[in-house]
Amino acid sequence: GMSDMNGFQNERIKGGSMFAPQRILVPTDFSTYSENAIKHAMDIAKQNKSRIILLHVLDDGFTQCTAEYCIDDETYKTTLNKIINNASTKLKQEVQKITGYDDVEIEQELRRGVPSEEILKAQEENNIDLIVIASHGQTGILKNLIGSVASKITKRATCPVLLIRS
């Protein structure tokens, strides 16, 4: 629960090394909240020589057919590629913003699907031993979205989850 995590955070601040994660998963939605979570993760990675896996999940909301219309295969593929390339560029830019951690290795991962499901799959597939995630995204509807993503991850992840409150 949250109380365990607070204990872990305090332990970490005191410089205790009881828990030394090797592979840290950091989901990002490119918000300033995520950037804040990345910074926390980088600090932990630097102390423990951990590797960072920076993950962005493309929400699978873009479909070829809606109730009203279908778009042709060509348009669908082109648009989807644009969406993927755009996200991939944003992920690279996110990594370029991170400075002062030359010794920390960062892997970039882009997935498509339901964010909480993909984050949990990424955790399993990458042998992640710590997830660092912002407790809130943007304001309004997105805030509720990342908030619910964070709470799903906290309930279902099989490794510790560090929630970063902005």
Side-chain angles (χ1 to χ4, degrees), residues 1-2 5 21 23-42 44-45 50-99 101 104-166:
M2 281 307 303
M5 274 292 105
R23 300 173 65 78
I24 303 172
L25 180 65
V26 192
T28 175
D29 63 355
F30 306 129
S31 64
T32 50
Y33 302 100
S34 288
E35 280 174 28
N36 192 24
I38 293 168
K39 195 185 170 329
H40 277 81
M42 294 302 293
I44 296 169
S50 334
R51 175 182 287 254
I52 295 272
I53 291 86
L54 189 62
L55 168 68
H56 177 69
V57 181
L58 276 167
D59 204 319
D60 225 355
F62 176 63
T63 52
Q64 193 164 356
C65 292
T66 69
E68 290 81 30
Y69 64 89
C70 283
I71 52 178
D72 63 278
D73 290 355
E74 225 20 63
T75 309
Y76 179 68
K77 283 195 193 108
T78 312
T79 309
L80 189 57
N81 282 335
K82 273 185 194 156
I83 292 171
I84 291 168
N85 290 336
N86 183 32
S88 177
T89 303
K90 276 181 147 173
L91 203 51
K92 287 192 188 87
Q93 288 168 345
E94 200 84 324
V95 172
Q96 284 160 1
K97 280 183 200 165
I98 302 166
T99 51
Y101 300 95
V104 178
E105 282 192 56
I106 304 172
E107 280 173 36
Q108 300 170 41
E109 195 170 324
L110 193 58
R111 299 173 81 107
R112 268 180 79 205
V114 178
S116 58
E117 297 298 329
E118 293 305 321
I119 292 166
L120 292 164
K121 276 188 214 160
Q123 183 229 314
E124 293 293 328
E125 289 166 21
N126 290 293
N127 298 315
I128 297 298
D129 42 23
L130 176 66
I131 297 173
V132 179
I133 189 170
S135 60
H136 287 295
Q138 318 269 22
T139 51
I141 194 147
L142 271 174
K143 170 174 157 186
N144 301 334
L145 183 72
I146 191 93
S148 76
V149 169
S151 70
K152 279 179 192 150
I153 299 306
T154 309
K155 287 189 191 91
R156 291 175 51 202
T158 55
C159 70
V161 176
L162 180 58
L163 283 177
I164 304 299
R165 292 194 184 89
S166 293

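Heavy atoms only: backbone and side chains are in, while hydrogens, waters and symmetry mates are out.
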Requested in this report: Taking all heavy atoms of T28 and all of H56, pick out the closest pair and write down the distance.
Outcome: O-ND1, 2.9 Å
Query raised in the report: Between E94 and K92, is there a salt bridge with N-O shorter than 4.0 Å?
Result: no
Query raised in the report: Roughly how far, to the nearest 0.5 Å, is the CD1 atom of I53 from the CZ atom of R51?
Result: 6.5 Å
Requested in this report: Apply side chain to side chain contact (heavy atoms under 4.5 Å, CB included) to the pair N126 and E109, showing each step before the final yes or no.
Outcome: CA-CA 10 Å; N126 290 293; E109 195 170 324; 3.0 Å; yes
Query raised in the report: Is there a side chain to side chain contact (heavy atoms under 4.5 Å, CB included) between I44 and L130 once you walk through the steps?
Result: CA-CA 10 Å; I44 296 169; L130 176 66; 4.2 Å; yes
Query raised in the report: Would a distance-only check, ignoring hydrogens and angles, find a side-chain to backbone donor-acceptor pair under 3.5 Å from N85 to N81?
Result: yes
Query raised in the report: Only one of E117, E125, E118 forms a salt bridge (charged side-chain N to carboxylate O under 4.0 Å, His left out) with K121, so which one is it?
Result: E118
Requested in this report: Please check if the side chain of Q64 supplies one atom and the backbone of I71 the other of a donor-acceptor pair under 3.5 Å.
Outcome: yes
Query raised in the report: From M42 CE over to I52 CD1, what is the distance, rounded to the nearest 0.5 angstrom?
Result: 5.5 Å
Query - Candidate pair R23 and E107, rule side chain to side chain contact (heavy atoms under 4.5 Å, CB included), full reasoning - result: CA-CA 10 Å; R23 300 173 65 78; E107 280 173 36; 3.9 Å; yes
Query raised in the report: Tell me, do I131 and P160 make a side-chain contact under 4.5 Å, heavy atoms counted?
Result: no
Query raised in the report: Can you tell me how far the NZ atom of K39 sits from the OH atom of Y101, to the nearest 0.5 Å?
Result: 3.5 Å
Report task. With side chain to side chain contact (heavy atoms under 4.5 Å, CB included) as the test, would you mind laying out the steps for I83 and T79 before giving the verdict? Result -> CA-CA 6 Å; I83 292 171; T79 309; 4.3 Å; yes
Query raised in the report: Got T154 and I133 here, is their nearest side-chain heavy-atom distance under 4.5 Å?
Result: no
**Report entry** Nearest non-hydrogen partners of A134 and A37, listed with the distance
**Finding:** N-CB, 3.8 Å
Query raised in the report: Is there a side-chain contact between R165 and Y33 (heavy atoms, below 4.5 Å)?
Result: no
Query raised in the report: How about T158 and Q123: do any of their side-chain heavy atoms sit closer than 4.5 Å?
Result: yes
Query raised in the report: Distance from C159 atom SG to N127 atom CG, nearest 0.5 Å?
Result: 10.5 Å
Query raised in the report: Hey, are the side chains of R111 and L55 touching, using non-hydrogen atoms and a 4.5 Å cut-off?
Result: yes
Query raised in the report: Does some side-chain heavy atom of I164 sit less than 4.5 Å from a side-chain heavy atom of S135?
Result: no
Requested in this report: Determine the sole option in L25, I24, I106, L110 for which the side-chain contact (heavy atoms from CB on, under 4.5 Å) test with L54 is passed.
Outcome: I106
**Report entry** From CD (E35) to CG (D29), nearest 0.5 Å
**Finding:** 9.5 Å
Requested in this report: Heavy atoms only: give me the nearest A45-V104 pair and the separation to one decimal.
Outcome: CB-CG1, 3.7 Å
Query raised in the report: Going by atom types alone, do D72 and T75 pair a side-chain donor with an acceptor below 3.5 Å?
Result: yes
Query raised in the report: Is any side-chain heavy atom of F30 closer than 4.5 Å to a side-chain heavy atom of L91?
Result: yes
Query raised in the report: Would you say P115 and D59 make side-chain contact, with heavy atoms under 4.5 Å?
Result: yes
Query raised in the report: Can you tell me how far NE2 of H40 sits from CG of L162, rounded to the nearest 0.5 angstrom?
Result: 7.5 Å
